[in-house]
Amino acid sequence: MKRSKAAGAAFALAAVLFWITLVIRWIAGDGALMAAEMLAAAPPERTGLAAEEYPAVGSLTAAFLTGTGRFQMVRAGANGEEIQYFHDYEEAHMEDVRGLIRLDTAVMRVALAAAALLLATGILLRDARAFGRGILWGLGILLAVLAAFLVWALADFEGLFVTFHRVAFTNDGWLLDSRTDLLIRLMPESFFIRLGIRGLMRALAMPAALAAAAGILLRKRKNTVTDGQKR
């Protein structure tokens with residue numbers, strides 16, 4: 001029973017981790033969503049970028065984060081010279097962000113493999129009720145962690161935002177100036193809040209599905225025992 005319960009808890013943690021990293025990868029590769037959220041959080045009058053240029057920037061961002069190439073757009077100046085939209089250090093920062101997305105993708109694959117292995121283990125142990133209880137235990141742990149981050153975000157989102165950047169990046173490339181840098185004008189804190197809310201809504205699908213599955217396992221096992229006692 002203890003092994004089945006532990007396997008269930010670990011399975012829930014691995015499955016949710018897989019889903020969260022998948023959602024991050026999904027959002028990072030959605031150019032239309034990027035453009036829409038940039039336009040909503042950072043309209044043209046704040047960025048100096050024409051509204052019709054947002055789809056191109058969104059597509060560039062998604063393609064860069066999930067692929068290869070440069071993070072750069074150019075236009076012709078008044079005298080025919082080539083004007084770049086982003087400074088070299090803005091490109092360098094986006095390279096760092098792409099590194100995080102690649103790490104996210106690697107974690108996603110490992111989590112998927114771990115979830116599959118733990119699910120197979122649970123099946124082989126043949127204690128559905130204990131496995132179901134373990135899933136609920138795992139979800140409880142995740143709920144506590146999520147609640148802590150939500151409280152932090154509601155109390156001090158800027159502090160959470162800065163802490164994340166200091167942990168995620170080994171340099172100060174993310175410290176941009178809205179007066180000179182288009183990247184930070186396109187992606188203010190409100191942009192990340194909007195993406196975070198969208199991501200959270202998508203991410204909740206997996207815990208809900210796991211809770212439902214755990215309920216089925218517990219109910220099915222209970223009904224089986226009851227039927228056996230009646231006979």
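All values below were derived from every heavy atom in this structure, side-chain atoms included, with hydrogens, water molecules and symmetry-related copies excluded. Bear in mind that the values here come from a model prediction, so they are computed numbers and not experimental data.
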Enquirer: Between P43 and Y54, which heavy-atom pair has the shortest distance, and what is it?
Expert: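 Smallest interatomic distance, heavy atoms only, reads C-OH, 3.3 Å.
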
Enquirer: Any side-chain to backbone donor/acceptor pair from E90 onto H87? Under 3.5 Å, distance only.
Expert: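 Checked: pair present.
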
Enquirer: Is the CH2 atom of W174 crowded by more than 12 outside heavy atoms at less than 6.0 Å?
Expert: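 Counting other residues, nucleotides and ligands, CH2 of W174 exceeds 12 neighbours.
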
Enquirer: How close do I101 and R25 get, heavy atom to heavy atom, and via which atoms?
Expert: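 For I101 and R25, the tightest heavy-atom pair comes out as CG2-CD, 4.1 Å.
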
Enquirer: Just how far is it from atom CE of M73 to atom OG of S59, taken to the nearest 0.5 Å?
Expert: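 Answer rounded to 0.5 Å: 9.0 Å.
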
Enquirer: Backbone N or O of F18 within a donor-acceptor pair of the T21 side chain at under 3.5 Å?
Expert: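 Answer holds: yes.
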
Enquirer: Do V107 and L22 sit in the same hydrophobic cluster, where Ile, Leu, Val, Met, Phe, Trp and Tyr count as joined when their side-chain heavy atoms come under 4.5 Å apart?
Expert: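 Result: no, two separate clusters.
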
Enquirer: With clusters defined by side-chain heavy atoms of hydrophobic residues (ILVMFWY) lying less than 4.5 Å apart, directly or transitively, does L195 cluster with F164?
Expert: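 As far as the 4.5 Å side-chain criterion goes, L195 and F164 are connected within one cluster.
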
Enquirer: With a 4.5 Å cut-off on side-chain heavy atoms, are L117 and F11 touching?
Expert: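 The answer is no; the side chains never approach within 4.5 Å.
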
Enquirer: Backbone N or O of L100 within a donor-acceptor pair of the D104 side chain at under 3.5 Å?
Expert: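 Judged by distance alone, no pair lies under 3.5 Å.
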
Enquirer: Tell me whether N171 contacts the main-chain N or O of G173 through its side chain, where contact means a donor paired with an acceptor under 3.5 Å.
Expert: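 Confirmed, N171 side chain pairs with G173 backbone.
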
Enquirer: Does any N or O in the side chain of D172 come within less than 3.5 Å of the main-chain N or O of L175, such that one atom is a donor and the other an acceptor?
Expert: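 Not confirmed, D172 side chain does not pair with L175 backbone.
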
Enquirer: Measuring only between side-chain heavy atoms, which start at C-beta, is E158 closer than 4.5 Å to E189?
Expert: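 Side chain of E158 against side chain of E189, heavy atoms only: contact under 4.5 Å found.
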
Enquirer: Starting from the C-alpha separation in whole Å, work towards a yes-or-no answer on side chain to side chain contact (heavy atoms under 4.5 Å, CB included) for H165 and T163.
Expert: CA-CA 5 Å; H165 280 75; T163 299; over 6 Å; no

Enquirer: Would you say R98's side chain and L65's backbone share a donor-acceptor pair under 3.5 angstrom?
Expert: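 A pair under 3.5 Å: no.
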
Enquirer: Go through the steps to decide whether I83 and V74 satisfy the test side chain to side chain contact (heavy atoms under 4.5 Å, CB included), and finish with yes or no.
Expert: CA-CA 5 Å; I83 299 176; V74 297; over 6 Å; no

Enquirer: On a heavy-atom basis, which atom in A7 and which in T121 lie closest, and how many Å separate them?
Expert: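 What the structure gives for the nearest pair is CB-CG2, 4.4 Å.
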
Enquirer: Taking the side chain as every heavy atom from C-beta outward, state whether I20 and M206 have any pair of such atoms under 4.5 Å apart.
Expert: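 No, side chains not in contact.
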
Enquirer: Output all residues satisfying side chain to side chain donor-acceptor pair (under 3.5 Å) with R75, sequence neighbours left out; order by chain, then residue number.
Expert: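 By the side chain to side chain donor-acceptor pair (under 3.5 Å) rule, R75 matches no residue at all.
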
Enquirer: Where do A111 and A14 come nearest, in terms of heavy atoms and distance?
Expert: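 Closest pair (atom of A111, atom of A14, distance): CB-O, 3.6 Å.
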
Enquirer: Going from CZ on R198 to CG on L33, what distance comes out if it is rounded to the nearest 0.5 angstrom?
Expert: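 The distance works out to 5.5 Å.
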
Enquirer: Atom CG of L183 and atom OG1 of T47: how far apart are they, to the nearest 0.5 Å?
Expert: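 Here the rounded value is 12.0 Å.
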
Enquirer: Once you round to the nearest 0.5 Å, how far does CD1 of I135 lie from CG of L13?
Expert: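 I135 atom CD1 to L13 atom CG measures 10.5 Å (nearest 0.5 Å).
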
Enquirer: Could you walk me through whether L218 and L136 pass the side chain to side chain contact (heavy atoms under 4.5 Å, CB included) test, one step at a time?
Expert: CA-CA 10 Å; L218 292 171; L136 294 180; 3.8 Å; yes

Enquirer: Is there a donor-acceptor pair under 3.5 Å between the side chain of R3 and the backbone N or O of G122?
Expert: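 Checked: no pair found.
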
Enquirer: Any donor-acceptor pair under 3.5 Å linking the side-chain atoms of E53 with those of Y85?
Expert: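 Yes, because at least one side-chain N or O of Y85 sits under 3.5 Å from a partner of the opposite role on E53.
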
Enquirer: Starting at CZ of F86, measure out to CG of L182 and round the result to the nearest 0.5 Å.
Expert: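 Rounded to the nearest 0.5 Å, the CZ-CG separation comes out at 4.5 Å.
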
Enquirer: Flag this pair as yes if the NZ/CZ of R70 is under 6.0 angstrom from the six-membered ring centre of F64 and inside a 45 degree cone about the axis; otherwise no.
Expert: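 No.
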
Enquirer: Is the F157-F192 ring centre distance short of 6.0 angstrom?
Expert: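 Distance test on ring centres: not under 6.0 Å, no.
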
Enquirer: Counting distance only, does the side-chain N/O of E81 pair as donor-acceptor with the main-chain N or O of A76 below 3.5 Å?
Expert: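 It does not hold such a pair.
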
Enquirer: Would you say that T61 contacts M94 through its side chain, given a criterion of any heavy-atom pair below 4.5 Å between the two side chains?
Expert: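 They are in side-chain contact.
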
Enquirer: For the pair R202 (side chain) and V23 (backbone), establish whether a donor and an acceptor sit closer than 3.5 Å, ignoring hydrogens and angles.
Expert: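 It does not hold such a pair.
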
Enquirer: Please examine the side chains of P207 and L142, heavy atoms only from C-beta on, and report whether any two atoms are closer than 4.5 Å.
Expert: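 The answer is no, as the side chains (C-beta and beyond) never meet within the 4.5 Å cut-off.
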
Enquirer: State plainly whether one hydrophobic cluster holds both M38 and F161, where clusters connect Ile, Leu, Val, Met, Phe, Trp and Tyr through side-chain heavy atoms under 4.5 angstrom apart.
Expert: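 Both belong to a single hydrophobic cluster.
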
Enquirer: For residues L139 and L119: do they belong to one hydrophobic cluster (side chain heavy atoms under 4.5 Å, members Ile, Leu, Val, Met, Phe, Trp, Tyr)?
Expert: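 The answer is yes; both residues are in one hydrophobic cluster.
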
Enquirer: Taking D181 for the side chain and I184 for the main chain, is one N or O donor matched with an acceptor at less than 3.5 Å?
Expert: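 A pair under 3.5 Å: no.
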
Enquirer: Going hydrophobic residue to hydrophobic residue with side-chain gaps under 4.5 angstrom, can you get from L146 over to L17?
Expert: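 Not linked; separate clusters.
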
Enquirer: Nearest 0.5 Å please: distance from the CZ atom of R133 over to the NZ atom of K5.
Expert: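 That separation rounds to 6.5 Å.
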
Enquirer: Pair M108, W19 - check side chain to side chain contact (heavy atoms under 4.5 Å, CB included), show working.
Expert: CA-CA 8 Å; M108 177 185 72; W19 187 250; over 6 Å; no

Enquirer: Does F71 have its ring centroid less than 6.0 Å away from the ring centroid of H93?
Expert: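 Centroid distance F71-H93: not below 6.0 Å, so no.
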
